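What follows is a set of notes on a single structure, which appears directly below.
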Amino acid sequence: MLSASQKLKSFYKPYALAILSVGYIVGELGHYLIGVTTKATATDLHYGDISCQFNSTTLHVNELPVQCDTASNTSDCESLEVNGTRYCEWNYNGQGLDYQILAGPSFIAVFTVVGVILGFAADRFNRVRLLTICTAVFSIAVILEGAVTQYWQLFILRMLSAAGEAGCNPLSTGLLSDWFTEDKRGLVMAIFNWGVYGGYGIAFPVGRYVAALDIWGLGWRVCYYGAGAVGLLVAILTGLTLDEPERKAIGEEDSKDVKKDSIAKVLCQPRVILLMLAASIRHSGGMCFAYNCDLYFRQYFPDYDLGWWLFAVTIVIGSIGVVVGGYVSDKFVAKMGVRSRVAVLFLSQIIATPGAFGSVYFAPVGAMTTLGISYFFAEMWFGIVFAVVVEIVPLSMRSTTIGIFLFVMNNIGGNLPILVEPVSKAIGYRESLYIFYAGAYGLSSFMFLITMFLMDGPKKEPATKDWGHENRNYVHDDNKSTTLELPRLPSKTSYEYEHSHL
């Protein structure tokens, strides 16, 4: 029977995965909360656009004689009424360039630069200690975000939060790739990287309903206090209960003689470049929807409370998609090699594209249905991408490569959504999401398809050379029967030839 210590040891790797995943979820919750609390935050801090907005708990939009968004100034907005009851307000709506900068560039600018620095550090220093520090930094920053009184303070703290969270992915990915073997790596990476969607999904009920409870009169601020406190607990558990694992060669690296290439040579491989660009475009589509999802549904369907629906679609359906994607890629990788993982990327994203389009085209029921279908397939991508990355780069450059990969991916994917603002003013908010959300899904799937053909196929088992049989190991007895003696070293005779020169 296993001893108690052996039983506990068997739970260590799942426990480590859980701690790293929860930390990533909390970091992403702090990242995406601004997208759900932005209207309340903008009203308190006075940033972004001001517009005429529907503000009634007794009327429905289809009952209004005049829609609120037709009013272009305060007096016209406040003059709209039904039976003497006003139903519109002139106030900050949480949108505008100030919001887009706060949500995207202010976070991404620091996140990407620090991510590269920490990627280099992860290949040289203790990753568990670095991860503990990073988790503590972003947790403290998120707590302080709840105490801000001015826009510039929130801007600075978003940057500090980004600096801390920047270490989560490269540090954790390196640790997990050393803890888990190839046959589990796709699933493990998928579970961990689901933290992006877990944090994003949890942001809906926390930002909408916890803020609405107005606990201790704190309103939206209590969301940030709570998220930061959980993050600090995770930082303590990371530092006290996790150990640095031995660094291992994995993937293609352990199947052939890997030369000591420079980081530039590794990154300049066509397959790495194309994978990076494909991931960047896909990330742009996801970030575009993440930053604008709550605002979009509030603007187009103010009568519908979709907070729990968005949570369910993201957490439940997205979770299933993440697990299925990792499981499928793990099952096929032995037969098709790394190429199979990229094949899963292509298929999942091309299937998800029509659903993404439908989620901003249909009314709420149709939108939630198509969003669920899209999420099931779309959320397979993130963990698989990083499983591919760690399997095609040398051990000594693994975390560095991930840091640079994230730098490029987040700079493109995190900053492109800022174009939603000018494009929406030119052709409409919904139409801009067709381009930068659904369009990005479709383009990335095509790029993953091309990348697939640049990847190596299944590993080839080394052939065992048949040296033939040594007949002199056999002798004949007096009865002419054949017996087998122990093998002897063959001695050279005059009729043997030396073939070493061939």
Side-chain angles (χ1 to χ4, degrees), residues 25 28-42 48-49 53 93-96 99-100 102-104 107 194 196-211 220 223 282-319 321 352-353 355-379 381-382 413-414 416-421 423-424 428-441:
I25 289 171
E28 290 300 288
L29 172 59
H31 178 187
Y32 289 113
L33 261 178
I34 189 65
V36 186
T37 64
T38 182
K39 188 177 185 302
T41 308
D49 292 348
Q53 305 161 64
N93 60 15
Q95 299 180 34
Y99 165 67
Q100 295 294 344
L102 191 65
F107 189 93
W194 173 82
V196 175
Y197 309 101
Y200 165 54
I202 294 171
F204 288 113
V206 171
R208 283 190 177 215
Y209 307 125
V210 175
W220 60 270
C223 304
R282 170 58 184 82
H283 192 47
S284 175
M287 296 292 275
C288 174
F289 190 67
Y291 290 150
N292 294 281
C293 174
D294 194 68
L295 291 171
Y296 167 79
F297 285 111
R298 284 180 187 269
Q299 176 174 321
Y300 282 87
F301 308 106
D303 286 345
Y304 292 84
D305 184 359
L306 299 174
W308 284 114
W309 280 102
L310 292 170
F311 168 79
V313 168
T314 305
I315 298 295
V316 179
I317 298 179
S319 300
T353 301
F357 181 86
S359 66
V360 289
Y361 176 80
F362 294 115
V365 174
M368 291 300 103
T369 302
T370 53
L371 181 62
I373 296 171
S374 177
Y375 252 63
F376 177 82
F377 294 99
E379 305 319 310
W381 85 282
F382 207 81
L416 270 182
I418 200 172
L419 296 177
V420 169
E421 181 63 23
V423 172
S424 66
Y429 194 27
R430 171 180 277 157
E431 289 72 17
S432 67
L433 294 182
Y434 289 157
I435 297 171
F436 294 103
Y437 166 40
Y441 277 27

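Everything quoted here is computed from the prediction, not taken from an experiment.
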Of all the heavy-atom pairs spanning [X] and [Y], show the shortest one and how long it is.
X      : Y      : result
Gly286 : Tyr441 : N-CE1, 4.0 Å
Trp220 : Ala211 : CA-CB, 3.8 Å
Thr369 : Val365 : OG1-O, 2.9 Å
Gly94  : Ala42  : CA-CB, 3.9 Å
Phe311 : Pro205 : CD1-CG, 3.5 Å

Does atom OH (Tyr429) have a neighbourhood of more than 12 heavy atoms from anything else shown, all under 6.0 Å? yes
Checking Gln100, Lys39, Gln299, Arg298 against Gln95 for side-chain hydrogen bond (donor to acceptor under 3.5 Å, both in side chains), the one that qualifies is Gln299
Flag side-chain contact, heavy atom, 4.5 Å: [X] against [Y]:
X      : Y      : result
Val36  : Val206 : no
Trp308 : Tyr209 : yes
Leu310 : Phe297 : yes

Is it the case that the side chain of [X] and the backbone of [Y] share a donor-acceptor pair, with hydrogens and angles ignored and the cut-off at 3.5 Å?
X      : Y      : answer
Ser374 : Gly355 : no
Thr38  : Gly35  : no
Tyr291 : Ala103 : yes
Ser359 : Thr370 : no

- prompt: Do Leu371 and Phe289 pass the side chain to side chain contact (heavy atoms under 4.5 Å, CB included) test, and can you show the C-alpha distance, the side-chain angles, and the key distance before you say yes or no?
  reply: CA-CA 11 Å; Leu371 181 62; Phe289 190 67; 3.8 Å; yes
Please state whether the rings of Phe301 and Tyr296 are parallel, tilted or perpendicular, taking 30° and 60° as the class boundaries. perpendicular
Euclidean distance, [Y] [atom2] relative to [X] [atom1], rounded to 0.5 Å:
X      : Y      : atom1 : atom2 : value
Arg430 : Tyr361 : CZ    : OH    : 9.0 Å
Asn292 : Leu433 : CG    : CG    : 5.5 Å
Tyr99  : Asp49  : OH    : CG    : 12.5 Å
Cys288 : Leu416 : SG    : CG    : 9.5 Å
Ile202 : Cys223 : CD1   : SG    : 12.5 Å
His283 : Trp381 : NE2   : CH2   : 6.0 Å

Side chain to side chain contact (heavy atoms under 4.5 Å, CB included) test vs Met287 passes for just one of Tyr32, Tyr437, Phe436, namely Tyr32
